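Only one structure is covered here, and it is reproduced in the block below.
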Amino acid sequence: MTQYAVASTVDAERWPSIATAPVTVKARLAAPVADALFRRAAEHLAIRVEMPNGVVIGGGANDPTAPVMTIHRPRDFAARVGESGLIGFGEAYMAGDWDAPDLTAALGVFAERMATLIPKWLQRLRGLYIPKQPVSETNTTSNTRSNISRHYDLSNEMFELFLDETMTYSSALFPSLTPQPGWDDVAAAQRSKIDRLLDRAGVTAGTRVLEIGTGWGELAIRAAERGATVRTVTLSTEQLELACKRIDAAGHADRVQVDLLDYRLVDGEYDAIVSVEMIEAVGHQYWGEYFRTIDSLLAPGGKVAIQAITMPHERMLATRNTYTWVHKYIFPGGFLPSIRAIESITEKETTLRVRERLSIGDHYARTLRLWDERFHAHAEEARMLGFDDVFARMWHFYLCYSEAGFGSGYIDVQQILLERRSDR
């Protein structure tokens, strides 16, 4: 089980919300309410919540096998949650107000009941209480590059610590999950995921491929190995630099063009358009523009293959205007679509239609667990790169939070094939 030390000192300039618990009027007034709501929710969950005075609460209080959550600083925990809800819940973990020997298991208990944790009458007040997305994080053409860089430009060296040799930062597709795959299986599973997308998009020798979201270049390399010509676009300068080096080292610089460019500014005509876990960064306000752009660039008879993290439609509608911990610390401007939203938008605004879907959420849960274990094994190297103890706890929370979401079914990831209605 992975655990990280709590930072003995916190850089207040870098982590202003972590250095000290909030003392605003809102926090003081909301803390008792947050504490009561948390205790009420815990009583209906199969979790053991251990308090510093030795009291154990939660629906799993008498079950020694139940996941454990240890509250070290109840007042600070309540103040943070009272101040900013689930953002504060994540910040409380980053600060060390609470811990869990198996963080994924603890978060999974909450994820399984996410839609009902807060009473319905209080959910109706969400818009009055939950922070709003900053205007600067809306995915306009002027903002998107900044949003992307805040995550993907952290450091190529940092990502290299926990990704496999393919430098693929999306769900792998394992041959089987029984027995559980290990680290040595990841690279082959990542290539399998990419190959399946290229197969569904019909990529062969001579195919003109557009990739939206370059990553570190593995998909472009594998498409070029098939004899395709590839144009791939990214907004990450760090990714572009390393992707170009990897593509050149693989001997495919003559077949692959890498551009630092917003997908909305791409021109040309392409036989296959492929995009892996990029739609999550588009923003729900721009999904129509995303698919209209793809539609306008696709050649007659062409195919589109995307890999998308999705969430249930009702939860998507309930949370589309919510600013979350993930937005604040991991993916500014991001939002997950539902399958129904993708089908509805493509049917109403494009000639594209969803023809096939493959759900691989369980594979993502396993991928994330392996990434987390790998990052923990290289934690000291991350520290030497300048990523402090607060970052380590943040990254661990992010990976476990995501694993819990996929493991519980709260979120999913799908490979989706789209074709033109008139081309079928």
Side-chain angles (χ1 to χ4, degrees), residues 1 3 6 17-18 20-131 315 318-319 322-326 328-329 393-394 396-398 400-401 403-405 407-408 410:
M1 295 182 184
Q3 285 190 279
V6 176
S17 298
I18 310 304
T20 57
V23 293
T24 62
V25 172
K26 178 182 179 182
R28 290 199 302 271
L29 293 176
V33 178
D35 180 68
L37 287 172
F38 173 76
R39 290 171 180 268
R40 173 189 177 277
E43 289 300 326
H44 293 86
L45 299 174
I47 193 167
R48 287 174 52 87
V49 182
E50 300 176 347
M51 309 300 286
N53 59 2
V55 172
V56 179
I57 64 173
N62 297 316
D63 180 0
T65 67
V68 175
M69 177 180 179
T70 303
I71 308 289
H72 299 298
R73 297 190 287 263
R75 289 184 179 179
D76 288 355
F77 175 80
R80 293 183 198 275
V81 176
E83 174 77 15
S84 52
L86 291 177
I87 293 177
F89 183 79
E91 290 176 338
Y93 178 81
M94 293 166 65
D97 297 338
W98 68 275
D99 223 319
D102 186 339
L103 183 58
T104 297
L107 293 174
V109 172
F110 290 96
E112 288 173 357
R113 298 279 296 276
M114 187 64 72
T116 58
L117 284 177
I118 304 300
K120 286 188 177 181
W121 66 268
L122 192 55
Q123 289 188 36
R124 297 190 189 100
L125 303 177
R126 179 192 299 271
L128 301 175
Y129 181 77
I130 299 298
R315 291 302 299 160
T319 60
T322 300
Y323 188 63
T324 68
W325 181 88
V326 171
K328 184 173 181 178
Y329 289 99
R393 288 181 70 87
M394 178 193 78
H396 179 51
F397 187 87
Y398 152 57
C400 293
Y401 174 91
E403 182 190 351
S408 67
Y410 179 72

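Small disclaimer: the values here were computed from a predicted structure and weren't measured.
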Mind checking the [atom1]-[atom2] spacing from [X] to [Y]? Nearest 0.5 Å is all I need.
X    : Y    : atom1 : atom2 : answer
N53  : I71  : CG    : CD1   : 11.5 Å
I57  : M51  : CD1   : CE    : 5.5 Å
L107 : D102 : CG    : CG    : 9.0 Å

- request: Apply the test side chain to side chain contact (heavy atoms under 4.5 Å, CB included) to residues I18 and Y329: give CA-CA distance (whole Å), side-chain angles for both, the deciding distance (0.1 Å), then the verdict.
  value: CA-CA 12 Å; I18 310 304; Y329 289 99; 3.9 Å; yes

message: Run F397 and F89 through side chain to side chain contact (heavy atoms under 4.5 Å, CB included) and show every step you take.
response: CA-CA 11 Å; F397 187 87; F89 183 79; 4.2 Å; yes

field: Pairs satisfying ring-ring contact (aromatic ring centres under 6.0 Å, His included), at least one member in residues 26-67, at least two apart
entry: F38-F77

Partners meeting side-chain contact (heavy atoms from CB on, under 4.5 Å) with [X] (sequence neighbours left out):
X   : answer
V23 : none
A79 : P22
P32 : none

Heavy-atom closest pair, residues [X] and [Y]:
X    : Y    : answer
S408 : G108 : CB-O, 4.3 Å
R80  : A21  : NH2-N, 3.6 Å
T319 : R315 : OG1-O, 2.7 Å
V109 : P67  : CG2-CG, 3.8 Å
A66  : R48  : CB-CG, 4.0 Å
A34  : A78  : CB-O, 3.8 Å

task: Return each pair, listed once, that meets salt bridge (Lys or Arg N to Asp or Glu O under 4.0 Å) where at least one residue sits in residues 86-96; pairs must be two or more places apart or across chains.
output: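 Passing the test, one end in residues 86-96: E91-K328.
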
query: Centroid-to-centroid, Y398 to W325, below 6.0 Å?
result: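 For Y398 and W325, the ring centres are not under 6.0 Å apart.
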
message: Please determine whether side chain to side chain contact (heavy atoms under 4.5 Å, CB included) holds for the pair R393 and L103, giving the CA-CA distance in whole Å, both sets of side-chain angles, and the decisive distance to 0.1 Å.
response: CA-CA 11 Å; R393 288 181 70 87; L103 183 58; over 6 Å; no

field: side chain to side chain contact (heavy atoms under 4.5 Å, CB included) between V49 and W98, intermediate numbers included
entry: CA-CA 10 Å; V49 182; W98 68 275; over 6 Å; no

- request: Only counting residues at least two apart or in another chain, list the ones meeting salt bridge (charged side-chain N to carboxylate O under 4.0 Å, His left out) with R39.
  value: D35

